[in-house]
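Heads up, the thing below is written out as structure tokens.
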Amino acid sequence: MPRQTGSTDKYQREPLETVVLSACCYLHNTENVHFFQKIEHGQSARQRRFLFELQSSNDFTMPFRLLVYMTAIWLDYFKNSDTNERKRQGYRLPMIMPMILYKGEWNWTAARRFREMIGQEGMFGKYVVDFEYAVVSVNSLAVSKIKSSNTLVDNILLADKKSTRREWDNAENIELVRHIKAMEMNDLNEWITWFSHVIRELGEEEKEGFIQQLREGDERVVSSSFERIMEKEKIEGKAEGKAEAVIELLEDIGEPSETLKKYIMSQKDIAVLRSWLKAASKAGSIEEFEQAIGIYLPVIQLQGYNKRLAAAVIKTGKDYKMKNKQKKQNTQNTQNVQTGTFQNATGAIDYTLMNDCMFHIVMQSNEKVLRGLACALLRLTPEEVQSITVLNPIELGRGPRDKEYILDVKVMLNSAAVINIELQVRKQDFWDDRSLSYLCRLFGNLESGDDYSDVMPTYHIGILDYTLFPEHPEFYATNKMMNVKKHYIYNDKFTLNVLELNQIELATDEDKKWKLDYWARLFKAKTWEELKMLAQQDTVFMETCETIYQKNQDDVARLWCEASEEAARIARTVQKIHEKALAERDAVIVEQETKLIKKDNELEENRQQLEENRQQLEENRQQLEENRQQLTEQEKKLAEKDAELERLRCLLAKTNGQH
């Protein structure tokens with residue numbers, strides 16, 4: 001159906017494909033992609049609407065669906081029309097042109113007229129409601145025809161031609177990028193939005209960065225970015241698959257709640273999901289799985305998951321807020337008499353280095369402190385460290401968001417080594433698996449075109465406030481890949497270290513030489529007096545203590561630390577409630593087992609009594625059998641006697657007859 005024209009219309013009659021490619025924008029939802037365009041010619045108030053429905057397979061209810069869509073459009077138009085205008089005789093609803101953009105492999109065979117869906121549609125002839133829609137085969141549109149112009153829809157259809165994720169990795173990316181770069185800014189923004197909805201979801205920062213690259217970057221560079229974006233989508237797809245596998249394993253042993261399912265599906269870390277798969281395969285119940293991996297959901301996630309649990313956490317949270325309010329007031333009163341330096345501070349430290357956010361903030365805020373800690377952990381002199389940079393700083397310009405408490409500090413050392421330092425206060429199962437997974441990810445630091453010889457040394461350093469292996473306590477352990485027979489190092493670029501803060505007394509002379517024991521005490525310090533004592537040992541410790549003090553006065557840093565502490569508090573509360581619930585459950589189980597044992601004993605006594613009765617019955621039966629046999633013998637003897645008597649009687653009768 002060609003576009004309508006008038007005597008003064010500058011447009012000529014054009015094929016339907018041209019209308020599709022040149023005069024529409026789109027609206028997107030999770031199920032359909034609707035194209036909707038309001039076209040006005042000059043100052044004319046007449047309106048025309050194209051309703052495009054994108055289909056990849058036949059839908060035999062399509063006439064009815066389109067009627068629903070068109071009715072909704074007309075209803076919206078009617079409601080928003082002037083009341084007086086609606087009363088006029090010349091009031092008209094806008095024209096709607098329904099079309100199907102079909103990209104399936106087989107022919108479109110669904111009914112194209114609405115009356116074909118009506119039963120006995122021929123009975124009332126022309127009075128049956130009817131309309132017809134057009135079908136455009138997207139697959140039949142030649143790529144050369146799409147490339148002939150450079151509108152928003154051209155580039156949407158050009159990208160949509162790549163039906164699989166793998167097709168985004170070929171040389172045509174560059175040509176597609178060239179087309180996109182040439183678009184107007186508004187169309188470019190719309191294309192990026194479409195890409196984010198349909199191909200791969202992009203965050204706001206990713207969108208802005210991608211648009212900037214499209215505007216300023218080389219086409220090949222942008223194409224490479226394209227490939228990295230799609231590779232990230234593939235990785236997230238793998239994560240989704242593993243998350244679904246975890247849920248399937250849990251469904252074999254119980255009924256995981258919707259909240260737990262959502263929590264698992266939200267996890268994108270492949271290493272974490274692998275450890276969850278391992279835990280799910282070993283768990284005998286949902287509770288065992290949660291306990292094994294330490295899933296403690298925040299209050300907002302607990303709603304509907306366990307009402308009693310949520311209520312307990314909320315109550316604890318209210319108590320905490322009252323205490324924290326008093327704590328802040330005391331801190332404020334203390335700060336009124338303190339001036340500018342930690343040397344004047346006294347009493348408890350609000351947020352120590354054992355707060356993961358404070359640890360992160362201090363390390364990213366003071367390069368001298370970060371350098372000092374790295375030197376102590378890696379046995380380096382300050383002169384050996386030319387440069388050191390935090391690769392994942394916290395954005396202190398804004399407040400923390402849900403699930404945004406960054407536990408690890410990623411560091412680039414001398415542009416030649418990558419270090420991941422992670423503080424873990426609470427004991428966590430599978431830490432060995434988790435830390436090794438993190439280290440493996442760091443080790444894969446090659447870029448496209450690099451040689452394997454270019455891989456940088458990587459270190460994962462866990463600072464733990466518990467003993468990782470109780471049977472092998474150690475203050476500071478260094479682990480490398482080693483041949484188990486001859487004990488030589490397989491690869492010196494792959495190192496996993498563990499510093500156990502609760503084992504300071506096991507520090508070796510080498511540890512003390514590098515003042516690791518002082519660093520451990522600095523982490524464990526809870527009062528300003530303790531920090532002052534440690535600050536006297538070294539200028540780096542003095543710098544560290546001063547930075548801790550300054551960040552404790554910073555409102556934004558305190559907000560991050562408070563959020564982290566509250567998350568940890570909620571986790572501890574939930575853990576305690578879980579443990580209490582498990583203890584109650586165990587008590588109930590013990591009680592039930594006691595009752596079962598008692599019943600088993602009663603059943604055993606009854607069984608023994610029944611056995612005795614059975615034996616007694618058997619004895620009675622045997623006695624009866626003996627009596628029966630005796631009676632039989634007696635009856636036999638009586639029968640013999642009766643026969644003898646009968647013989648004698650006959651003999652007597654015969655004798656009497658002779659006489």
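Hydrogens, waters and symmetry mates play no part in the numbers below; they use all other heavy atoms, side chains included.
A salt bridge links Glu85 with Arg88: at least one charged nitrogen is closer than 4.0 Å to a carboxylate oxygen. For Asp433 and Arg274, the salt-bridge test fails: no basic side-chain N is under 4.0 Å from an acidic carboxylate O.
Residues Phe131 and Pro63 share a closest heavy-atom pair of CZ-O, 3.3 Å. Residues Met97 and Ala134 approach most closely at CE-CB, 3.9 Å, considering heavy atoms. Scanning all heavy atoms of the two residues, the minimum distance from Tyr77 to Pro94 falls at CD2-CD, 3.3 Å. Minimum interatomic distance between Glu121 and Val128 (heavy atoms only, all atoms of both residues): O-CG2, 3.3 Å. Nearest heavy atoms, Tyr91 versus Ser81: OH-OG, 3.0 Å. Nearest heavy atom pair, residue Glu116 against residue Ala111, reads OE1-CB, 3.4 Å.
For the 3.5 Å distance criterion, the side chains of Asp356 and Ser564 qualify, holding a donor opposite an acceptor.
Side-chain N or O atoms of Glu288 include one that pairs as donor or acceptor with a backbone N or O of Gly284 at under 3.5 Å. With hydrogens and angles ignored, the 3.5 Å screen pairs a side-chain donor or acceptor of Ser257 with a backbone N or O of Leu260. Put simply, the side chain of Asn80 gets close to the backbone of Asp76: a donor and an acceptor are under 3.5 Å apart. Checked by atom type and distance alone, the side chain of Trp108 never pairs as donor or acceptor with a backbone atom of Asn58 at under 3.5 Å.
Side-chain atoms of Ile286 and Glu255, non-hydrogen and from C-beta on, never get closer than 4.5 Å to each other. Looking at Thr109 and Phe60, their side chains come closer than 4.5 Å, going by heavy atoms from C-beta outward. Residues Val129 and Arg115 are not in side-chain contact: their nearest non-hydrogen atoms beyond the backbone lie 4.5 Å or more apart. The shortest distance between side-chain heavy atoms of Leu277 and Leu273 does not fall below 4.5 Å. The side-chain heavy atoms of Met62 and Asp59, taken from C-beta on, include a pair separated by under 4.5 Å. Looking at Ser275 and Arg434, their side chains never come closer than 4.5 Å, going by heavy atoms from C-beta outward. Side-chain atoms of Leu66 and Ile100, non-hydrogen and from C-beta on, do get closer than 4.5 Å to each other. With contacts defined as side-chain heavy-atom distances shorter than 4.5 Å, the pair Val135/Met99 does not qualify.
Taking CD of Glu132 as the reference point, atom CG of Asp130 lies at 8.0 Å (rounded to 0.5 Å). Rounding to the nearest 0.5 Å gives a distance of 9.5 Å between CD of Glu565 and SG of Cys357. Here Asp252 contributes atom CG and Ser281 contributes atom OG; the two are 11.0 Å apart, rounded to the nearest 0.5 Å. With rounding to the nearest 0.5 angstrom, the OG atom of Ser57 is 13.5 Å from the CH2 atom of Trp106. Rounding to the nearest 0.5 Å gives a distance of 11.0 Å between NE2 of His360 and CD of Glu422.
Residue-environment remark: CG (Asn107) stays at or below the threshold of 12 foreign heavy atoms within 6.0 Å. At most 12 heavy atoms of other shown residues, nucleotides or ligands fall within 6.0 angstrom of atom CZ in Phe64.
Both tests pass for Arg86 against the ring of Phe78: distance under 6.0 Å to the centre and angle within 45° of the axis.
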(message) Run Lys261 and Glu258 through salt bridge (Lys or Arg N to Asp or Glu O under 4.0 Å) and show every step you take.
(response) CA-CA 5 Å; Lys261 289 180 182 178; Glu258 290 302 317; 3.6 Å; yes

(message) If you apply the rule side-chain contact (heavy atoms from CB on, under 4.5 Å), what do you find for Trp276 with Phe289, and how did you get there?
(response) CA-CA 8 Å; Trp276 288 6; Phe289 170 77; 4.3 Å; yes

(request) Report the C-alpha separation of Val409 and Asn420 in whole Å, then their side-chain angles, then the decisive distance to 0.1 Å, and conclude whether the side-chain contact (heavy atoms from CB on, under 4.5 Å) test is met. (result) CA-CA 6 Å; Val409 180; Asn420 189 76; over 6 Å; no

